[in-house]
Structures are given as structure tokens and as C-alpha cells.
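The figures here come from the full heavy-atom set of this structure, side chains too, leaving out hydrogens, waters and symmetry mates. The chains referred to below are lettered A, B, ... by the order of the sequence lines, with proteins before strands, and numbering in each begins at 1.
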Amino acid sequence: MKIATWNVNSLKVRLPQVLDWLAANPEVSALCLQETKLEDRNFPRAEFEQAGFSVAYVGQKTYNGVAIIARETLGEVVVNIPGFVDEQKRLIAATLGGVRLVCAYIPNGQSLDSDKYAYKLEWLAALTAWLKAELVRYPKLALLGDYNIAPEDRDVHDPVKWEGMVLVSPEERAAFRALTGLGLQDAFRLFEQPQKTFSWWDYRGFSFQKNAGLRIDHILLSPELAQSCTGCEIDRQTRKHERPSDHAPVVATLKN
DNA sequence: ATGGCATGAGTATCATGA
């Protein structure tokens, strides 16, 4: 099976692209979406179900919103981080064929001196604490999503330019390492990868054409899943579409 | 260069993103 994550930056705008992408990638068993920006009553459930998918989603107006689209029935759906009071809709988890899928839209943080940055670090701490317990319950666990963290300088097109900015700060990178410290492994880094492979490019300044991007969308795998992972790729083709999302899908292949 | 796009809410601009 393949599992994937894609920040679509409005599912209303990107729904045709998502359906096309799922049709073009039939090996993808589950696709995690972020920034759907839709209240639940406006989620295009019928469109996905008519195309044969099972869906789990939670969203809000204008901002955030996450969903899992799967080819088989999703079970054990959990919304938000249990025990963490949060107005924002940024996390949904579900089980598919014995694999626990956690779909997360980690806060951006805006800037290092922002309240949103403090919220980002609190959110990450709560996520890490919850996942520690979740990993005991579910040895086959994947955390997929928009992390809004470039884990290392090689994940940044111009590390000097980005120094002191959100997404690359030492605290955020330490929070990412706290996740890998639970035993989770970055699927992308399990394999040899081309230099300067990114998952996000700013809409402004021809960033995609210049490949001025960041790798901030990730799939982390529990030890048992990492063992079965045979590949991980970023599908930058989607960024060439008309009205593209600024993020590209990340896809991991799992055996069995 | 605190802009540069894009999206949504709402109908002029503003908040947010990364």
C-alpha cells in the first residue's frame, strides 16, 4: 500500500485536482489532506463516496481543516489531540487495515515572537505526548502532514536567508527530533534522495521555477512501518498545475 | 524592500499562510 499527504490549501478549489490525483495514483490507499478550509457541513463527502472512497474529516471556516480519504473503510476516528483543548481543527486519526494514520496540520507559528509560535510549540508538545501513548496501542503508526518544520538545513533552499525565521528555528527542529525520538522515522530520509527536494514553494517570486522551496511536509513511520517502507517520493508535478496548491504530495510505499 | 501571491470572507480590504 501507499500512503500520502497533501496540503491542498482549500479543498473547495482543489477538489478536482485531488480526485484526478487519486485516479492517477491507484496504489495510494489513503491520502491525508490539510488546509481543507471547510466546515464539516460543506465537506464534499458525496463526491468522494461516489468515487468509491471512505472519508474522515474535521474542519472549520476559512482556516485549517484536515481529512483522510481512503479506498477502504476507515475506523476508530479521533478528532483533535485527546486531552489538548484546541479551538482549531488540525488533527484527525483513523485506522486503515491495521495501520494507524494520524493526519496533522501543525501550526505555522508566523514568527518567532508571535503568540502563534508559542501555540505551535505547545501543540507539538501535546502531539508528542499523545503519540507516545498511541504508539503503544498501535505499533503500526504513521504521522503524515504539513509539519511546518524543515528538519535540517538540507531541507531549505537557502538556509542563510531563512536563519532566524519560523519553520527552521532550533526549537522547532528540537520538537521534530522529539517526534523522531519516539522511534518515528522520516520516510523520505530512509532512502537516497536527489539534492534540493522540497515539498513547498512560495506562490510569490517564481519560487517553484527557481526551486526556492522547503521540505516541510513529512511522513514519519513507527519502527514496524519503517521496516516495511520501500520508498518515499514527493510528487512535484502537481505544483505545475493551473491553480496549484503551494504544497506537493508526499507518498510513502509500504510492503504487505 | 515587511512587499511579492493565493485563499476566504464579504464586497473594500484584511487575516493568514510559510
(request) Using whole Å, report how far CG of A/Asp115 lies from P of B/dG17. (result) 12 Å

(request) Tell me, yes or no, whether the heavy-atom count around A/Glu72 atom CD, taken from other residues, nucleotides or ligands under 6.0 Å, exceeds 12. (result) no

(message) Once you measure the plane-to-plane angle for A/Trp200 and A/Trp162, does it fall in the parallel (<30°), tilted (30-60°) or perpendicular (>60°) bin?
(response) perpendicular

(request) Taking only the side-chain nitrogens and oxygens of A/His247, find out if one of them lies under 4.0 Å from OP1 or OP2 of B/dA18. (result) yes

(message) Counting primed atoms plus P, OP1 and OP2 as sugar-phosphate and everything else as base, spell out the protein contacts along nucleotides 3-11 of chain B at 4.0 Å heavy-atom distance: B, S or - for each nucleotide, 5' to 3'.
(response) -BBSSSS--

(request) Return the value, rounded to whole Å, for the distance between atom CG of A/Leu112 and atom C1' of B/dG17. (result) 16 Å

(message) Heavy-atom count check: over 12 atoms from other residues, nucleotides or ligands less than 6.0 Å from A/Glu87 CD?
(response) no

(message) Ignoring hydrogens, what is the shortest heavy-atom contact between A/Pro139 and A/Glu224? Give both atom names and the distance.
(response) CB-OE1, 3.4 Å

(message) Using whole Å, what does the distance between atom C1' of nucleotide B/dT16 and atom CG of A/Asp246 come to?
(response) 12 Å

(request) Return the minimal non-hydrogen interatomic distance between A/Gln88 and A/Gln60, and the atom names on each side. (result) CA-OE1, 3.3 Å

(request) List for me each residue that meets side-chain hydrogen bond (donor to acceptor under 3.5 Å, both in side chains) alongside A/Thr5, sequence neighbours excluded, and say none if there are none. (result) A/Gln34

Could you list the donor-acceptor pairs under 3.5 angstrom formed between side-chain atoms of residues 21-33 of chain A and any protein atom two or more places apart in sequence or on another chain?
from    : atom 1 : to       : atom 2 : distance (Å)
A/Trp21 : NE1    : A/Asp235 : OD2    : 2.8
A/Asn25 : ND2    : A/Trp21  : O      : 2.7
A/Glu27 : OE1    : A/Lys2   : NZ     : 3.2

(request) Could I get the full list of salt bridge (Lys or Arg N to Asp or Glu O under 4.0 Å) partners for A/Glu152, not counting sequence neighbours? (result) A/Arg154

(message) In this structure, how many angstroms lie between the C1' atom of B/dG17 and the CD atom of A/Glu172, rounded?
(response) 14 Å

(request) Starting from A/Val85, walk the hydrophobic network (Ile, Leu, Val, Met, Phe, Trp, Tyr; side-chain heavy atoms closer than 4.5 Å) and list everyone else you reach, by chain and number. (result) none

(request) Would you indicate, yes or no, if B/dT16 has its OP1 or OP2 atom less than 4.0 angstrom from a side-chain nitrogen or oxygen of A/Asn64? (result) no

(request) For A/Trp200 and B/dT16, give me the distance from atom CH2 to atom P, rounded to whole Å. (result) 18 Å

(request) Using heavy atoms and a sub-4.0 Å distance, could you list which residues of residues 213-220 of chain A are near DNA chain B? By number, please. (result) A/Leu214, A/Ile216

(message) In this structure, would A/Phe84 and A/Val77 fall into the same cluster of hydrophobic residues linked by side-chain contacts under 4.5 Å?
(response) no

(message) Work out how far the P atom of B/dA15 is from that of B/dG10, and round it to whole angstrom.
(response) 14 Å

(request) Applying side-chain hydrogen bond (donor to acceptor under 3.5 Å, both in side chains), name anything that partners A/Tyr63, two or more places apart in sequence or on another chain. (result) none

(request) For A/Tyr147, check ring-ring contact (aromatic ring centres under 6.0 Å, His included) against everything at least two apart and list the hits. (result) A/Phe176, A/His218

(request) Check the distance between B/dA15's C1' and A/Glu35's CD and give it to me in whole angstrom. (result) 13 Å

(message) Going by ring pair (Phe, Tyr, Trp, His ring centres under 6.0 Å), name the pairs with one or both residues in residues 94-118 of chain A, residues two or more places apart or in two chains.
(response) none

(request) Specify the residues of residues 102-111 of chain A, ordered by number, for which at least one heavy atom lies under 4.0 angstrom from an atom of DNA chain B. (result) A/Tyr105, A/Asn108, A/Gln110

(message) If I pick the C1' atom on B/dC14 and the same atom on B/dT2, what distance separates them, to the nearest angstrom?
(response) 15 Å

(message) For the P atoms, the ones on B/dA1 and on B/dT16, what distance do you get once it is rounded to whole angstrom?
(response) 25 Å

(request) Residues of residues 142-154 of chain A with any non-hydrogen atom less than 4.0 angstrom from an atom of DNA chain B: list those, numerically ordered, please. (result) A/Asp146, A/Asn148

(request) Output all residues satisfying side-chain hydrogen bond (donor to acceptor under 3.5 Å, both in side chains) with A/Arg204, sequence neighbours left out; order by chain, then residue number. (result) A/Asp202

